[in-house]
Amino acid sequence: SNMASDHDHDAQELVRLFKDFLDADNPRGPYKERVRAMLDSGERRLVVDINDLRNFSPETATRFLKYPEEVIRAFETSLHEYVNFIADADEDDFSKESAGATASSALNK
């Protein structure tokens, strides 16, 4: 069971690392901007360049080649958490805006 908990710990580390990767600057801009573009267009697929990952974390790129399922699972977890985070942030803005709209329409009467 010790190995399993080490494995979980590794998985959490990977999830954290991928969140940093989404934020990191890249030659074509950070992936978080591509995530937003993906959501705006209704796409459900994010294409990641292995070279971007290698530049960010050579160890993770190597690990991906050895254990693709494990690394992809961690990346998907990061991506889902990130998408939910964006959705929550946008919802907050949206509710503030709609509250603002309600207030201003009441004032206009």
Side-chain angles (χ1 to χ4, degrees):
S1 71
N2 193 18
M3 273 185 71
S5 64
D6 280 354
H7 193 80
D8 290 344
H9 177 73
D10 282 354
Q12 287 166 349
E13 285 292 307
L14 260 184
V15 168
R16 241 195 313 277
L17 181 127
F18 277 126
K19 282 188 180 155
D20 291 341
F21 174 68
L22 289 172
D23 269 331
D25 210 15
N26 261 296
R28 290 178 304 286
Y31 271 89
K32 62 180 176 181
E33 290 173 8
R34 284 176 244 187
V35 173
R36 278 194 174 274
M38 173 187 83
L39 294 174
D40 289 346
S41 67
E43 279 289 316
R44 282 289 168 267
R45 174 185 300 211
L46 181 71
V47 178
V48 176
D49 188 332
I50 187 75
N51 291 315
D52 291 337
L53 181 58
R54 191 176 288 121
N55 291 336
F56 179 75
S57 169
E59 305 82 43
T60 308
T62 302
R63 189 167 171 180
F64 168 67
L65 297 174
K66 284 188 189 162
Y67 311 107
E69 293 89 356
E70 176 191 322
V71 173
I72 287 170
R73 201 175 312 126
F75 190 77
E76 285 177 342
T77 301
S78 303
L79 197 53
H80 286 152
E81 289 179 9
Y82 193 74
V83 165
N84 290 335
F85 169 75
I86 290 176
D88 286 349
D90 286 353
E91 218 164 75
D92 285 349
D93 290 347
F94 179 74
S95 55
K96 279 191 209 101
E97 276 171 29
S98 47
T102 319
S104 63
S105 63
L107 287 173
N108 288 337
K109 287 197 174 90

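- The nearest pair of heavy atoms linking Arg44 to Met38 is C-SD, 4.1 Å.
- No path of Ile, Leu, Val, Met, Phe, Trp and Tyr side chains, each step under 4.5 Å between heavy atoms, connects Leu22 with Val15, placing them in separate hydrophobic clusters.
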>> Run Asp49 and Val47 through side-chain contact (heavy atoms from CB on, under 4.5 Å) and show every step you take.
In response: CA-CA 7 Å; Asp49 188 332; Val47 178; over 6 Å; no
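- Across every non-hydrogen atom of Ala74 and Ala11, the tightest pair is CB-O, 4.3 Å.
- Smallest separation of non-hydrogen atoms from Arg34 and Gly29: NH2-O, 3.0 Å.
- Using a 4.5 Å cut-off on side-chain heavy atoms (C-beta onward), Asp10 and Arg63 make contact.
- Atom CG of Asp25 sits about 12.0 Å away from atom CG of Asn55, to the nearest 0.5 Å.
- Side-chain N or O atoms of Asn26 include none that pairs as donor or acceptor with a backbone N or O of Arg28 at under 3.5 Å.
- Considering OG1 of Thr77 and CG of Leu14, their distance stands at 9.5 Å, rounded to 0.5 Å.
- The list of ring-ring contact (aromatic ring centres under 6.0 Å, His included) pairs with a residue in residues 64-90, not counting sequence neighbours, reads Phe18-Phe75.
- For the pair Thr60/Arg54, no side-chain contact is recorded, criterion being any heavy-atom separation below 4.5 Å from C-beta on.
- For Arg16 (side chain) and Ser78 (main-chain N/O), no donor-acceptor pair under 3.5 Å exists by modelled atom type.
- Within the structure, every pair that satisfies the ring-ring contact (aromatic ring centres under 6.0 Å, His included) test and touches residues 31-58, not counting sequence neighbours, is listed here: Phe21-Tyr31, Phe21-Phe56.
- Using a 4.5 Å cut-off on side-chain heavy atoms (C-beta onward), Pro58 and Leu53 make no contact.
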